[in-house]
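Worksheet: one structure, shown below.
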Amino acid sequence: MADKENYQMAIDLLSCHLGLSEEEAKERLGLAEKKSEQATKHIPEPNLSR
């Protein structure tokens with residue numbers, strides 16, 4: 001994601017003037033992480049074929 005400092009004023013303006021949450025403002029600016037890009041934890045399944 002781009003440097004937060006570069007977009008903080010735009011995020012604040014959208015939040016204040018349009019009543020958006022910070023996450024909604026980031027989505028409008030195209031800065032929000034997509035679900036597939038977010039860190040996920042993979043837990044291996046137990047081996048039941050013993």
Side-chain angles (χ1 to χ4, degrees):
M1 183 170 17
D3 294 335
K4 185 178 178 185
E5 300 83 34
N6 293 337
Y7 295 98
Q8 191 61 50
M9 182 176 280
I11 292 168
D12 292 343
L13 285 170
L14 287 172
S15 297
C16 293
H17 294 287
L18 298 180
L20 301 176
S21 69
E22 186 169 338
E23 282 305 311
E24 290 171 327
K26 287 178 182 179
E27 287 175 12
R28 293 271 181 108
L29 293 169
L31 301 174
E33 290 184 19
K34 293 182 175 68
K35 298 275 185 208
S36 61
E37 293 176 357
Q38 292 177 349
T40 57
K41 184 176 182 179
H42 295 282
I43 301 172
E45 293 184 21
N47 187 357
L48 301 176
S49 62
R50 291 183 188 185

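Hydrogens, waters and symmetry mates are skipped; everything else that's a heavy atom, side chains included, is used. What you see is a predicted model; the values in this text were computed from it and never measured.
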Open item on the list: How close do E27 and A32 get, counting heavy atoms only, and between which atoms?
Closed with: CG-CB, 3.5 Å
Open item on the list: Please enumerate all residues that pass side chain to side chain contact (heavy atoms under 4.5 Å, CB included) together with L29, with sequence neighbours excluded.
Closed with: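 If we apply the side chain to side chain contact (heavy atoms under 4.5 Å, CB included) test to L29, skipping adjacent residues, the hits are A10, I11, L14, L31.
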Open item on the list: Between R28 and E24 (salt bridge meaning N to carboxylate O under 4.0 Å), is one present in this structure?
Closed with: no
Task: Pairing residues for E23 by the side-chain hydrogen bond (donor to acceptor under 3.5 Å, both in side chains) criterion, not counting sequence neighbours - done: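 Listed in chain order: nothing, the list is empty.
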